[in-house]
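Worth knowing before you read on, the calculation uses all heavy atoms, side chains too, and leaves out hydrogens, waters and symmetry mates. We name chains A, B, ... by the order of the sequence lines, and we start the count at 1 in each one.
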Amino acid sequence: MEERTGRAPAYTRDSATSPTADQSFNFYHMDLYDSEDRLKIFPEEKIQMRGEVLKEPKRGERTPELSMAAHDQKEVEELASYYGVEDDKELEGEIEVGSVLRSGGSDYQSATSSLRPHIVPKRREPGREEKDWQYLGEAEDEEDDGFPTWGSRGHYQELREAYRYTRGRSSEEYECYVIPEEEDEEEAPDVFCVTCKIPIRAFDNLFGEHKDHEVTQLNTAAENAREEIHKNMFKLEEQIIQMENFASHLEEVFITVEENFGRQEQNFELHYNEILEILAQKYEEKMQALGEKKREKIEALYEQLVNCGENLDTCKELMETIEEICHEEKLEFIKDAVTMADRLGEFLKTKTDVELSAHPDFEDQTIDFSDIEQLMDSINAIPAPCAPVINTQTPNSATGTSVKVCWSLFSDDTVESYQLSYKPVSDGAPSEEQKAFSVNVKESHYSVTDLVPNTQYEFWVTASNSTGISPPSERAVYVTAPSPPIIKSKEILSCEHAALVRWESGNMNPVDSYTIELSKVDNEEPGNVVTESIVGIPTCESLIQLQPGESYLVYVRAINVGGPSERSEPATIHTTGTYFYLNKDTNHPLLSISEDGFTIVRSKGKNSASEPCDSDTRFTRCVAVMGSLIPIKGRHYWEVEVDEQMDYKVGVAFEDINRRGDLGADSSSWCMSHTYISSRHKYEFLHNGVTPEIQITVPPKKIGILLDYDSSRLSFFNVDIAQHLYTFGYPLQHFVQPCFSLEKPGLLKVCNGISMPKFVTLF
Amino acid sequence: MALKQISSNKCFEGFQKVYEHDSVELKCKMKFGIYLPPKAETGKCPVLYWLSGLTCTEQNFITKAGYHQAAAEHGLIVVAPDTSPRGCNIKGEDDSWDFGTGAGFYVNATEEPWKTNYRMYSYITDELPKLINANFPADPEKISIFGHSMGGHGALICTLKNPGKYKSVSAFSPICNPILCPWGKKAFSGYLGSDKSKWEAYDATHLVKSYPDSKLDILIDQGKDDQFLKDGQLLPDNFIAACAERKIPVVFRLQEGYDHNYYFIATFVNDHIRHHAKYLNA
């Protein structure tokens, strides 16, 4: 038994080493070629048959289909002689050989010769299978040569090649036919007798056997014949093409059948071996259990037997002793009898066990074949499908809450339904392991909805049919499209030619990139037509080029592998003037910025000294706030509304200005300073702590500030009277930011996004 | 009104020329310098009048101030007339540098013997513009005026006495309040007589007090080391105070280290040209 189980998987051995392949497992071919007997003698017979056919080609015999009913036999004969139709005959011979080989029956032959697609029917012969199965016992010993698949496959190959060869030759040759010149050396015919359809000499027409026959000139006749031949030639050509097509179709069918059966073979092989293994295993288990039980029982019985013998000995001994005592004298007898009676009484008290300690009868052992039966059933049914192949995600196929998952099958398994399972990809922490969801799907694709945006999900799929469920596919990771970003509309910076748009990702996980969509707001033609989009923005901000004096709606989308998110809420950008915002991270604690973001208020509060404040970004000494200007060179203009009696400084500073210094005190800032002391206005234009001496007769209420990178100037204007106040002329190599400070309680109002007044542009 | 070209020199693609003509107002031959920017060859240009200071002729400004490049860039015709009638054979006209020849003070004299010839105010505001408009590609609607010292005074009074006539005005170290300074007292008493109420008609500080509207943009540059400032000849503070009171826009720049001469003018002349161009080219 052990030996057998060890050899059970022997089918994996090389079948080439076995010369007796025909004797076992050859039922695999039966389905293909119907006759078991024929198959067994396959190789020899094939050779014989071919030999015969080639020796005596049947010239006259042709199936009507092949010779085309439209033409009479004769015509074809003639044509054949021109075309050298020997090939056809050879071909026919081949076909015949093939058909004979393939089956003695008529099915295949007719299929071949009638040029009709035909698939050899798949026949199952349960009886034979059983018969073969019976062989199994014997075959076991020769199992290594049990699968002659490869040998026979070799035959098919050979067959097909032979077939193709002849076909190829025929199609080459028909193109280069030669019309033979007929010659009559004695008396060359010069006219053609239409009645007899032969060339004759004109003389014969007048006097010979062709007298009164209709004649034409030989040339004309030849011409006519040639035309006719050409016509037929075309038809034949068509026919040939048709046949060739059919042949290739047949080849395909051939291959398909071969493949399908090969698969089935493998399937059977797998299942039967499984069953064999299980049977062997079961047998061993049973035998082992049986042996054990046997041993157990025998041991128990033996022990009982020994005990029994011992008891018997004791009894006998007692008997002898008693007998001895009986022969003794009275006095002695009495003495011993008392002792003996006690001993006997004691012995008899111990019960002699005459019950069998072990049941000798064989317990009925039912052998459970249910699982085997199940396996057997499964062989006859269609095989359970293979694991499906899950596709990787198609780019741009996802939305924020859904992905479209596609998969396919390797082979043409029969599948009734698929189960698609998925779960979010967790970051490793096992406690967060997510629950998997499953859906049953008929098609090989499914749109999974209600997902979380910008999240990776693992998908896997199993296919199932009545036989069983496939193993799961590989796991594929799909990702949902991101959530739409959120534009920070309050932080949009713009000027006449550009805008800096910033947004929040709107997604916890990083996304691949962002896309900005711009639409120009056209008052005449409302409707948001996207006029431009900027793609592949890696960060959450983008500087976009715009045209001056327009209004734009800006949308942002986040992009990942899955696709683009929905559009964000739009933000409006006006490219009129320069638009900046006040950076609330910079303002001195005493300054507050109003709700609208542009009114700077210093309330009458305590001094900043009481509020310890140490920050790298915040002004701590000068009660100032810094704006955030778009980093674009060119010209920027803004205005500040001031109170005539207020002390203020307005100007620009480098981003890294010392937050503990005063505006205009060093080389990193430029400002106009106003102080109001005892009803007198003092205006200073400070840089590096110095100012020119300037008197201004009309205190400005609105100061225009022109930052002109092109000509490296910073100019101040009294807007109301279009008066130029002062211009700093320094090369500005780096970007500067607007700065505003209030030296005393009061308020400043920044006016932003206004077009440059004419007096400024002319200046 | 025949013009006689005295000289012509190409300068920054334009031409600096000097002409001579017979003045009706002044009843003498008068010269003036005129710069024609390249733009004047193709179209009409605004005209900026420059009034020079004491002792100057038409030559000082055109040779020393270096304004040509800015004028060429902004497309401004710059006219620099002489500072007084010359060769009128008035007794005492050449006796002092701050009265008579070279010191017309841009007034119309009312006193003998000056009143026949010394009509510089009318010459500057009337005759000369007509002459220029008639003979050069000048835009008559666009004129501005500036000057230095006495010319600064002239520029201011011409503007203040003719609201709207000049688009803009500026001055270098102007005599802002002549009725209170020695130069002004001497000149005004000579040309206008002893009635000081008549003087006020030619005093910028006084005129500004009655200036009808505030649509004016006055730029004044003053050297801080100007001896005449220290001598109390210029008195800009009075003018500024008057302007501040009347809300007349003035930007007064006290330039550290500069004195009264043409080096100072040359330093800031571009600012002034730009100041005027802003209005003239608007």
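Using a 4.5 Å cut-off between heavy atoms, A/Pro700 makes no contact with chain B at all. With a threshold of 4.5 angstrom between heavy atoms, B/Asp237 approaches chain A through side-chain atoms but not through N, CA, C or O. With a 4.5 angstrom heavy-atom cutoff, B/Ala282 touches chain A via backbone and side-chain atoms both.
The 12-atom threshold is exceeded at NZ of A/Lys633, counting heavy atoms of other residues, nucleotides or ligands nearer than 6.0 Å. In A/Lys749, the NZ atom is not crowded: 12 or fewer heavy atoms of neighbouring residues, nucleotides or ligands sit closer than 6.0 Å. The environment of A/Glu644 atom CD is dense: over 12 non-hydrogen atoms of other residues, nucleotides or ligands sit within 6.0 angstrom. Taking a 6.0 Å sphere around NZ of B/Lys165, one finds it holds more than 12 heavy atoms contributed by other residues, nucleotides or ligands.
Rounded to the nearest 0.5 angstrom, A/Ile694 CD1 and B/Asp221 CG are separated by 8.5 Å.
A distance-only check finds a donor-acceptor pair linking the side chain of A/Thr697 to the backbone of B/Ile248 [under 3.5 Å].
In terms of heavy-atom pairs under 4.5 Å with chain A, the best-connected choice from B/Lys224, B/His74, B/His275 is B/Lys224. Highest contact tally toward chain A, considering only B/Leu254, B/Asp271, B/Asn281, is held by B/Leu254 [criterion: heavy-atom pairs under 4.5 Å].
The two residues B/Lys278 and A/His724 make their nearest non-hydrogen contact at NZ-N, 3.1 Å.
Annotation: side chain of A/Glu693 is in contact with side chain of B/Glu256 (closest heavy-atom distance under 4.5 Å).
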What do the steps show when you test B/Val250 against A/Gln695 for side chain to side chain contact (heavy atoms under 4.5 Å, CB included), and what is the final call? CA-CA 8 Å; B/Val250 176; A/Gln695 293 190 43; over 6 Å; no
